[in-house]
Each structure stands twice: as structure tokens, then as C-alpha cells.
Enquirer: 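Just dropping this structure here.
Letters A, B, ... are given to chains in the order of the sequence lines, protein chains preceding strands, and every chain is numbered from 1. When reading the values below, keep in mind they use all heavy atoms of this one structure, side chains included, and skip hydrogens, waters and symmetry mates.
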Protein chains: 2
Amino acid sequence: MNNVFKALNDKTRRDILELLKQEDMTAGQIADHFNFSKPTISHHLDLLKQAELLTSVKKGQFVFYSLNTTVMDELLKWMLQFTADTLPLKKKITPRYEGK
Amino acid sequence: MNNVFKALNDKTRRDILELLKQEDMTAGQIADHFNFSKPTISHHLDLLKQAELLTSVKKGQFVFYSLNTTVMDELLKWMLQFTADTLPLKKKITPRYEGK
DNA sequence: TATTTATATTGAGAAAAATAAAAATATATC
DNA sequence: GATATATTTTTATTTTTCTCAATATAAATA
């Protein structure tokens, strides 16, 4: 769980995800969209893979990256506990102390 | 947006959110749930506030913290673009290269 | 009123972790 | 063998996390 937030806690990595939303791409193609060196992008891709937000398949000399939506689905579930609709039973302590 | 992931990228801070899911609590009550010093928890609370995941109200000598669900709602929306259901139009490049 | 007690935050500094890039390495293609 | 693609390793810098000490503010009490 921690790995996911760590992976998402970076604009470049979120942009990579947005890129791959449209189509699968090679590491090189992805790197071409950014002003970072290829090793840097490679590192970002690695973090996204560690978080299982991406999968990769090697085809010859290329490595194709694809979105893996299952982790996002899990994250979504986690997040749903904190939405307004899911918290109607919440005890509100604060009002009790408002008298003073 | 970046602040939210930064704030969520820590187990302690996520645990704080889970605590406040049940009821509002003072900084001290929150700190009592962890094996960290009060200043440490205070810093975590500050980060959560910066990310607008929490609100705080001072009542006398106490500071009550509450969940703020609106940011989670926004995050949820962002995340929905990456779920399987939302990506049916995706161009799949990979298969094209599978021949070799 | 002055002083003590309770709650909470702020700031300084140290240890640990993350970030970015260059250089080196690995692997596949021509 | 030479070239292209991609990752790994190394290194320097920055950021994060944590605690201690000090500060701020409110409440209780002598």
C-alpha cells in the first residue's frame, strides 16, 4: 500500500500513467515525452512497477509498458471508506464542547 | 494534488485518518495511539492539514481534528480514469508485435 | 493575581530515505 | 563487430522523519 502512494507522489510518474492510459509504449517512447534522462525515466518506471501500477513485456530490444488497473481498483476501495457517503455513522464529538 | 499523495505516503498518517473515521479527536488523544512523541504526531497532523485531508478546531486548550472528505472525493475522481471500466477505448499496441 | 499544570506547536539538528544523472553494463538487432 | 535500446550501479544532493528543547496558550489553583 505504501508503495502505491510513494509511486503516485510524483508528477512525472503520474504523467507517465496518463500517457499509458492511451496506449502502451516503450521505455524510450516514454522518455521522449520528458526532459529527464533515460536512466531517470527508467528509475521512475521501476518504481511504478514495484507498486504494480505498470506491467512490462520485453519484445526484442524494446520493453513495452502497460497500465495495470487492478492496484488502482484496490486503492479506490480503500479510499471509499473516507468519502462522505461512507461515513454517516461518525460520532461527532466536537459539538459537545461548543458550549464554552 | 501532489500534497495529497505526499500526505498519504506514510503509514502513520494513514492510520491517523482511519482513527478519525470513527470520531473526532484531540491531538493528544491521537498521539496516545502511537509510539511516537507528540511533536512527531503534531508534524504528521500538520502535513495532513496542508493536504486538506483534515480540519482542526481549537476548543479551549484542546485542538480537535476531523476528517475532511472533500479531497478524498477529488482524488477518487482522478483515480477513476485509471480503472478498468474507464479504459475500454485503449489502443493495445503490444499484440501487434507478438508475432516475433 | 500570580503560579502551577495541561495541551499543543515550533524549531534545531541528526539519521534515514528519496531523487536525479553520469558512467558502466546487459541484451538484441543489423 | 557495430549500433540501438534499456537497465544497473555509483555518487551527490535533497527531502523526510524523528526527537529534544523551547515556546505559546489555556485552565486550575493557591
Enquirer: Check whether any side-chain nitrogen or oxygen of B:S37 sits under 4.0 Å from OP1 or OP2 of D:dT19, and answer yes or no.
Expert: yes
Enquirer: If you define the side chain from C-beta out and look only at heavy atoms, does anything of A:L76 sit under 4.5 Å from B:T83?
Expert: yes
Enquirer: Could you work out which one of D:dA26, D:dT19, C:dA21 sits closest to the side chain of B:Q61?
Expert: D:dA26
Enquirer: Measure CZ/A:F62 against C1'/C:dC30 and give the value in whole Å, please.
Expert: 12 Å
Enquirer: Under 4.0 Å between a side-chain N/O of A:R13 and OP1 or OP2 of C:dT19, yes or no?
Expert: yes
Enquirer: Measure from CG on A:N35 to P on C:dT19 and round the result to the nearest Å.
Expert: 19 Å
Enquirer: Taking the side chain from A:R14 and the backbone from A:L8, do they hold a donor-acceptor pair closer than 3.5 Å?
Expert: yes
Enquirer: Can you measure A:K58 atom NZ to D:dT8 atom P for me and round it to whole angstrom units?
Expert: 10 Å
Enquirer: Whole angstroms only, please: what is the NZ-P distance between B:K38 and D:dA21?
Expert: 16 Å
Enquirer: How would you label the contact of B:T26 with the nucleic acid (heavy atoms, under 4.0 Å): base, sugar-phosphate, or nothing?
Expert: sugar-phosphate
Enquirer: Mind checking if B:H44 touches a base, just sugar-phosphate, or nothing, with heavy atoms under 4.0 Å?
Expert: sugar-phosphate
Enquirer: Parallel, tilted or perpendicular for A:F5 and B:F5, by the 30°/60° rule?
Expert: tilted
Enquirer: Take atom CD1 of B:I41 and atom C1' of D:dT19, then tell me their distance rounded to the nearest Å.
Expert: 12 Å
Enquirer: For D:dT7 and A:Y65 - does any side-chain N or O of the residue sit under 4.0 Å from the phosphate oxygens OP1/OP2?
Expert: yes
Enquirer: Figure out the NZ/C1' separation between B:K59 and C:dA8, and round it to whole Å.
Expert: 17 Å
Enquirer: Need to verify one output field. Residue with the more 5' nearest nucleotide on DNA chain C, B:L45 or A:T12?
Expert: B:L45
Enquirer: Can you see if the side chain of B:T40 gets near the phosphate of D:dT19 - specifically, an N or O under 4.0 Å from OP1 or OP2?
Expert: yes
Enquirer: Write down the distance between CG (B:D32) and P (C:dA8), rounded to a whole number of angstrom.
Expert: 9 Å
Enquirer: Could A:K21 and B:F82 be counted as a cation-pi pair, given that NZ or CZ must be under 6.0 Å from the ring centre and within 45° of the axis?
Expert: yes
Enquirer: Kindly give the heavy-atom pair with the smallest separation between A:V71 and A:A51, and that separation in Å.
Expert: CG2-O, 3.7 Å
Enquirer: Scan A:I30 against the nucleic acid and name what it touches under 4.0 Å (heavy atoms): base, sugar-phosphate only, or nothing.
Expert: nothing
Enquirer: Given D:dT19, D:dT7, C:dA8, identify the nucleotide with an atom nearest to the side chain of B:V63.
Expert: C:dA8
Enquirer: Consider the side chain of B:P39, meaning its heavy atoms from C-beta on, and name the nucleotide among D:dA21, D:dT8, C:dA6 that approaches it most closely.
Expert: D:dA21
Enquirer: Given atom NE2 of B:H43 and atom P of D:dT16, what is their separation to the nearest angstrom?
Expert: 13 Å
Enquirer: Choose from C:dT19, D:dT17, D:dA26 the nucleotide whose nearest atom is closest to any side-chain atom of A:L47.
Expert: C:dT19
